[in-house]
2 protein chains.
Amino acid sequence: MASTRDRLVIAALRLFAERGYQTTTIAEIGREAQANAGSVYFFFPTKQQILLAVLDRYHDGIEEMLLAPAWAGVGDPIERVFALLEHYRGLLVESGCAYGCPIGSLALELHEPDPVVREKLAANFEAWTRAIEACLGEARERLPQGLDRRDLSVFVLTTMEGAVMLARTSRSTAPFEAAVRALRDHFDRLLREASTQGGERR
Amino acid sequence: MASTRDRLVIAALRLFAERGYQTTTIAEIGREAQANAGSVYFFFPTKQQILLAVLDRYHDGIEEMLLAPAWAGVGDPIERVFALLEHYRGLLVESGCAYGCPIGSLALELHEPDPVVREKLAANFEAWTRAIEACLGEARERLPQGLDRRDLSVFVLTTMEGAVMLARTSRSTAPFEAAVRALRDHFDRLLREASTQGGERR
DNA sequence: GTCTATAACCCGATAGAC
DNA sequence: GTCTATCGGGTTATAGAC
């Protein structure tokens, strides 16, 4: 069995994702981790420290927890972009459209977060964006010259976050699928332009 | 001076936007509306009823509160799409990037909202999407034949919501501007394709 | 309609035994 | 390291005077 501290972090990660930060109580985190409310304070002096540990866990685990499952069997870098989006669609379907991106939900739930919390949220978004940017870098020869791959990576993330938000709120995957179709249309146009550009590329 | 009920709704609207639903107390709403905490319960039996009134206010006021200021002096329907996004960018700048879309924030803060709350949140997203869809409808002759204008309208909303989320979290307009540039690039390609399509349109 | 006072409850955090 | 017990403070909502 994992260490008590680990069990507490995992329990908090689950509860924050499913019910939010403010709604989750220290007692619930303890119960979920088979520990007592008071014991939580041996490892974490404040509730916010648990949140920081959870955000670190997401950040450190992005490969193993998110990218690896989403990209299993998908080698093409452009298809990886859409495989990641498809992974989120799967999470929506699994949950009956109750799923929300844990980082996005925390980012909007906490209106005036402590700077250290806000920076860890931003670091998680940054790691996600970089993963997409790496895909676009791999596929650079198939994309138009002069394309700003950073802009496009951010655009993929805003699409995912907005699409999950709308799907969750309407309890339907329809808006998610609509946004992804529109993004795919954009990518198709980018790939088509690059393929007719031809000639020397560097 | 506005009626007490109106002042309460406006106060709640402001406080929910700035500090969130759960963080805002009934006492604060009363204080902000120059009424007493106990008086709030004369008009609203529960806190959730205040939230419902706020969501109705947003929905009924979308023209006056949002679209009219954003579209002042902008006639072109495509430019109206980007003027609305530019309006949100202005709100970000004004607030030092603390701004969040009030509907989006509530949608992610409340993880298991009462169905009636969730439906009013969804109705607000739907009204926003329809406003964009109307612009695209006006500009239909300049857009590619067979373009799914509903998909594209949803895409504009997901871009706005995602972009505001990232800007707020990083306390920078950079990701907002990146996402809007990428969306503009997409629109440019759509308009270019339609202009070279030429011939008969209907 | 508006006010004061308070009931009833829950939470984060602490103290201290073992 | 883990437990029980509890403090102190804040919240929604109610009761009832005016």
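Residue numbers begin at 1 in each chain, while the letters A, B, ... track the order of the sequences. Atom set for the values below is all heavy atoms of this structure, side chains included, hydrogens, waters and symmetry mates excluded. Model, not experiment: these values are computed from the prediction.
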* To do: Hey, could you give me the CG/CZ distance between A:Asp148 and A:Phe155, rounded to the nearest 0.5 Å?
  => 12.5 Å

* Asked: Are the charged groups of B:Glu193 and B:Arg189 less than 4.0 angstrom apart, N to O?
  -> no

* To do: Please report the closest heavy-atom contact between A:Glu18 and B:His111, naming both atoms and the distance.
  => O-ND1, 3.6 Å

* Asked: Could you give the distance from CZ (B:Arg168) to SG (B:Cys101), rounded to the nearest 0.5 Å?
  -> 11.0 Å

* Asked: Whole Å only: how far is the CZ atom of A:Phe43 from the P atom of C:dA13?
  -> 17 Å

* Structure fact -> To the nearest 0.5 Å, atom CH2 of B:Trp128 lies from atom CG of A:Leu166 at 10.0 Å

* Length of the line joining B:Tyr41:OH and D:dA13:P, which is rounded to integer Å -> 4 Å

* Listed in order of residue number, which residues of residues 7-29 of chain A have a non-hydrogen atom at under 4.0 Å from DNA chain D? -> none

Dump every N/O contact between nucleotides 4-7 of chain C and the protein below 3.5 Å, one line per pair.
{"from": "C:dT4", "atom 1": "OP2", "to": "B:Asn36", "atom 2": "OD1", "distance (Å)": "3.2"}
{"from": "C:dT4", "atom 1": "OP2", "to": "B:Asn36", "atom 2": "ND2", "distance (Å)": "3.4"}

* **Sequence neighbours excluded - ring pair (Phe, Tyr, Trp, His ring centres under 6.0 Å) pairs with any residue from residues 51-87 of chain A** => A:Phe82-A:Phe187

* Grab the CD-C1' distance between A:Gln34 and D:dT2 for me, whole Å please. => 14 Å

* Measure from CZ on B:Phe42 to C1' on C:dT2 and round the result to the nearest Å. => 9 Å

* Atom-to-atom span, CZ of A:Phe44 to P of D:dT2 - whole angstrom -> 12 Å

* Chi angles and distances behind the salt bridge (charged side-chain N to carboxylate O under 4.0 Å, His left out) call for B:Arg89, B:Glu86 -> CA-CA 5 Å; B:Arg89 202 187 77 89; B:Glu86 178 59 24; 3.3 Å; yes

* Please determine, by modelled atom types, if B:Thr173 and B:Glu177 share a side-chain donor-acceptor pair under 3.5 angstrom. => yes

* Asked: Over how many whole Å does the gap from B:Arg5 atom CZ to C:dG1 atom P extend?
  -> 12 Å

* Asked: What class does the angle between the rings of B:Phe16 and B:Tyr21 fall in, given that below 30° is parallel, 30 to 60° is tilted and above 60° is perpendicular?
  -> perpendicular

* **Rounded distance in Å - CD1 (B:Ile50) to P (D:dT11)** => 14 Å

* To do: Examine D:dT2: is either OP1 or OP2 under 4.0 Å from a nitrogen or oxygen in the side chain of A:Thr4? Give yes or no.
  => yes

* How long is the line joining NZ of B:Lys47 and P of D:dT14, in whole Å? -> 15 Å

